[in-house]
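Right, one structure below, let's go through it.
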Amino acid sequence: MKKLETDVVVVGGGATGAGVVRDLAMRGYRTILVDRADLGQGTTGRYHGLLHSGGRYVVSDPHSATECAEENAIVTRINADAVETTGGLFVIGPDDPLDFGDKWLEGAQDTGVPHEEISVAEALRREPRLNPKIQRAFAVEDGTVDGWQMVWGTVKSAEAYGAQVFTYHEVTNIMRDGDQVSGVEAIDHKTGEQVQIDCNFVINAGGPWAGQIAAMADCPDVEVVPGRGIMIAMNHRLVNQVVNRCIYPADGDILVPVHTVCIIGTTDVKVEDPDNLAIPRNEVQQMLDAGEVLVPGFRQARALHAWSGARPLVKDSRVSADDTRHMSRGMSIIDHKSRDGLSGMLTIAGGKLTTYRLMAKNIVDVMVDQLGDDRPCTTETEAVPGSESQKTYHVTHRLEEREKNLQKEQIVCECELMSRRQLEDLIEEQPTASFDDLRRQLRLGMGPCQGGFCSIRAAGIMQETGKADTERVTALLRKFLKNRWIGLWPILYGDQVRQTALDNWILQGTLNMEHLPEAEEAHV
């Protein structure tokens with residue numbers, strides 16, 4: 001068994017966990033983050049990409065609205081390379097209640113959410129595809145954020161301050177010495193090795209899995225309710241600003257431009273298991289119908305991929321246990337010392353990706369107070385590596401980079417303009433990475449072909465680098481394509497059927513993917 005020792009272990013490598021490990025490291029604590037999979041593979045990587053202005057919650061959840069408005073500005077500054085400052089619109093659709101606009105304006109004023117009412121003509125000038133029958137429009141400071149880019153930048157900042165990060169390390173036990181946390185036991189899924197990390201404090205940032213993690217420390221009944229939502233990426237940016245329906249939060253009322261696509265979302269259904277998230281066809285149709293309300297002709301656009309994510313909602317006694325749509329989006333910190341008599345452990349759940357830094361600050365403040373230390377938070381003032389210039393992301397940045405090196409760099413993925421150098425550099429840095437790990441950092445296979453062309457090229461390049469033999473590369477490619485298929489089958493209509501058929505002919509007809517020879521025969 002491998003043994004390590006640190007001050008604090010953070011469980012969960014999503015946005016909140018990344019924020020917590022950075023905050024701890026910047027305050028001078030020795031810290032280790034563990035996650036059972038890759039960074040940002042859970043809720044953080046399965047959402048609609050919206051950096052909230054706060055406008056969505058000015059009526060339904062005013063406290064969350066204010067937090068989002070304040071943190072939007074901070075995240076835009078400290079995670080600049082992950083944020084696109086698109087701006088946003090809230091519009092009252094042709095059949096939406098007109099008087100809700102007055103409630104929204106009052107809420108925006110009361111919560112401090114920056115806003116401006118603009119004419120319908122001005123809204124249509126900014127977004128020509130918008131429904132011309134809208135009744136009112138309000139401009140806000142919504143943006144879009146690449147959750148993976150944000151998490152990796154945040155983690156790199158933490159590592160620069162001495163933190164250690166272990167992905168694919170699944171916690172199997174939280175050790176206790178009487179009423180005091182004494183460490184964490186985990187298994188390394190890459191090697192099968194058992195790992196013991198001795199520590200004095202554990203921060204549980206497991207999102208929808210937080211209840212399961214708390215139970216490992218004999219702290220039952222942490223009631224985190226997974227709220228499943230589906231989203232669909234369309235094949236290009238039908239809008240260039242975030243477009244929201246100005247109604248009480250409902251299904252399919254947000255259209256978000258992210259990188260080269262736009263994303264419609266989302267539903268909100270209680271589920272029992274955050275590891276088992278369906279993509280029901282009726283909800284896919286519901287999203288497509290909702291898109292038509294915002295952008296007429298939405299259904300004629302090509303749907304690229306559908307996915308489900310699970311929100312980590314804290315059980316709210318004010319609403320039905322099944323009503324995840326109306327549960328508060330506010331954060332909740334559980335002090336296991338006062339609740340369960342266990343010193344050295346805190347759990348955080350709820351919140352939004354937009355408020356990840358604030359969530360981290362608040363829970364680390366509680367820990368610092370319990371320990372009697374005087375170590376203030378400084379995460380608000382320092383940008384993460386890559387964001388120091390405070391220049392935010394722009395959708396054409398990769399095009400500009402490729403044009404500068406047009407004769408020097410082979411393009412592996414035309415859709416996302418991913419170069420061979422980018423791929424080889426990441427394989428060198430992370431030789432045990434799966435193709436999905438590469439996708440989260442490089443956007444491999446996230447364009448219109450969904451990996452039908454670029455994944456095969458990437459497989460060849462990985463084999464050429466010598467970081468994996470033919471057998472492993474084949475296994476990685478099969479798994480990648482299988483995972484892509486999960487988000488394809490629910491949207492097989494129109495042009496996407498043609499693309500999927502072409503991919504199938506290439507992979508099965510030409511390459512015979514399901515019957516490739518074993519490694520020792522592959523070179524024959």
Side-chain angles (χ1 to χ4, degrees), residues 11-12 14-17 36-37 40-50 52 56-57 59-61 63-65 68 147 204-216 219-232 244-245 247-254 256 263-290 306-334 339 347-356 359 486-487 490:
V11 183
T16 304
R36 66 174 185 171
Q41 191 167 329
T43 299
T44 296
R46 296 174 175 272
Y47 86 122
H48 43 51
L50 175 61
H52 283 276
R56 181 169 174 78
Y57 303 116
V59 175
S60 64
D61 197 344
H63 184 70
S64 291
C68 285
N204 174 9
W209 297 270
Q212 300 172 25
I213 294 165
M216 296 179 189
C219 297
D221 302 323
V222 173
E223 298 185 277
V224 179
V225 182
R228 174 183 59 74
I230 75 158
M231 288 138 277
I232 304 173
N244 311 259
R245 283 178 70 180
I247 56 176
Y248 202 84
D251 294 345
D253 57 353
I254 312 174
V256 186
I263 297 169
I264 185 76
T266 173
T267 54
D268 203 332
V269 180
K270 178 190 175 185
V271 294
E272 298 300 325
D273 183 3
D275 286 315
N276 185 18
L277 302 175
I279 311 173
R281 286 185 181 274
N282 66 310
E283 293 183 24
V284 169
Q285 296 305 314
Q286 184 182 358
M287 291 300 96
L288 297 176
D289 289 341
W307 64 93
S308 283
R311 304 171 186 83
L313 303 175
V314 178
K315 188 175 181 180
D316 189 339
S317 60
R318 296 171 298 174
V319 300
S320 165
D322 294 324
D323 186 9
T324 52
R325 170 61 71 193
H326 297 107
M327 288 184 183
S328 172
R329 267 48 181 170
M331 69 187 78
S332 179
I333 296 173
I334 299 170
R339 179 184 182 274
T347 291
I348 188 164
K352 307 290 298 177
L353 183 137
T354 302
T355 61
Y356 90 96
M359 293 174 70
I486 294 170

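Just so you know, residue 1 is the first one in the sequence shown, and it goes up from there. All heavy atoms count here, side chains included; hydrogens, waters and symmetry mates do not.
Using a 4.5 Å heavy-atom cutoff, the side chains of W307 and I263 are in contact. Between R339 and D221, some side-chain heavy-atom pair lies under the 4.5 Å cut-off. Contact annotation: the side chain of N276 never approaches that of V271 to less than 4.5 Å [non-hydrogen atoms, C-beta and beyond]. When side chains are defined from C-beta on, D253 counts as touching R56, because their heavy atoms get closer than 4.5 Å. Using a 4.5 Å cut-off on side-chain heavy atoms (C-beta onward), P208 and R228 make no contact. I264 places none of its side-chain heavy atoms less than 4.5 Å from the side chain of H48.
With sequence neighbours left out, the side chain to side chain contact (heavy atoms under 4.5 Å, CB included) criterion links A349 to V224, V314. Residues meeting the side-chain hydrogen bond (donor to acceptor under 3.5 Å, both in side chains) test with D273, sequence neighbours left out: none.
Between the OG1 atom of T354 and the OH atom of Y47 there is a distance of 7.0 Å, given to the nearest 0.5 Å. Note that OG1 of T43 and CG of L277 are 8.5 Å apart. Values are rounded to the nearest 0.5 Å.
The two residues L353 and G147 come nearest to each other via the heavy atoms CD1-CA, 4.4 Å. Between A210 and N204, the shortest heavy-atom distance links the atoms O-ND2, 2.9 Å. Of all heavy-atom pairs spanning S308 and I230, the tightest one is OG-CG2, 3.2 Å. Across I279 and G487, no two heavy atoms sit closer than the pair CD1-CA, 4.5 Å. Closest approach of A250 to I247, counting heavy atoms only: CB-CD1, 4.0 Å. Shown here for G350 and M359, the closest heavy-atom pair between the two residues is O-CE, 3.1 Å.
Between the side chains of T266 and R311, at least one donor N or O lies within less than 3.5 Å of an accepting N or O.
Using a 4.0 Å cut-off between charged nitrogen and carboxylate oxygen, D275 and R36 count as a salt-bridge pair.
Using modelled atom types, no side-chain atom of S60 and backbone atom of Y248 make a donor-acceptor pair closer than 3.5 Å. Although no hydrogens or angles enter the test, the distance criterion places no donor-acceptor pair under 3.5 Å between the side chain of T267 and the main chain of E283. For the pair T44 (side chain) and A15 (backbone), a donor-acceptor distance under 3.5 Å is present.
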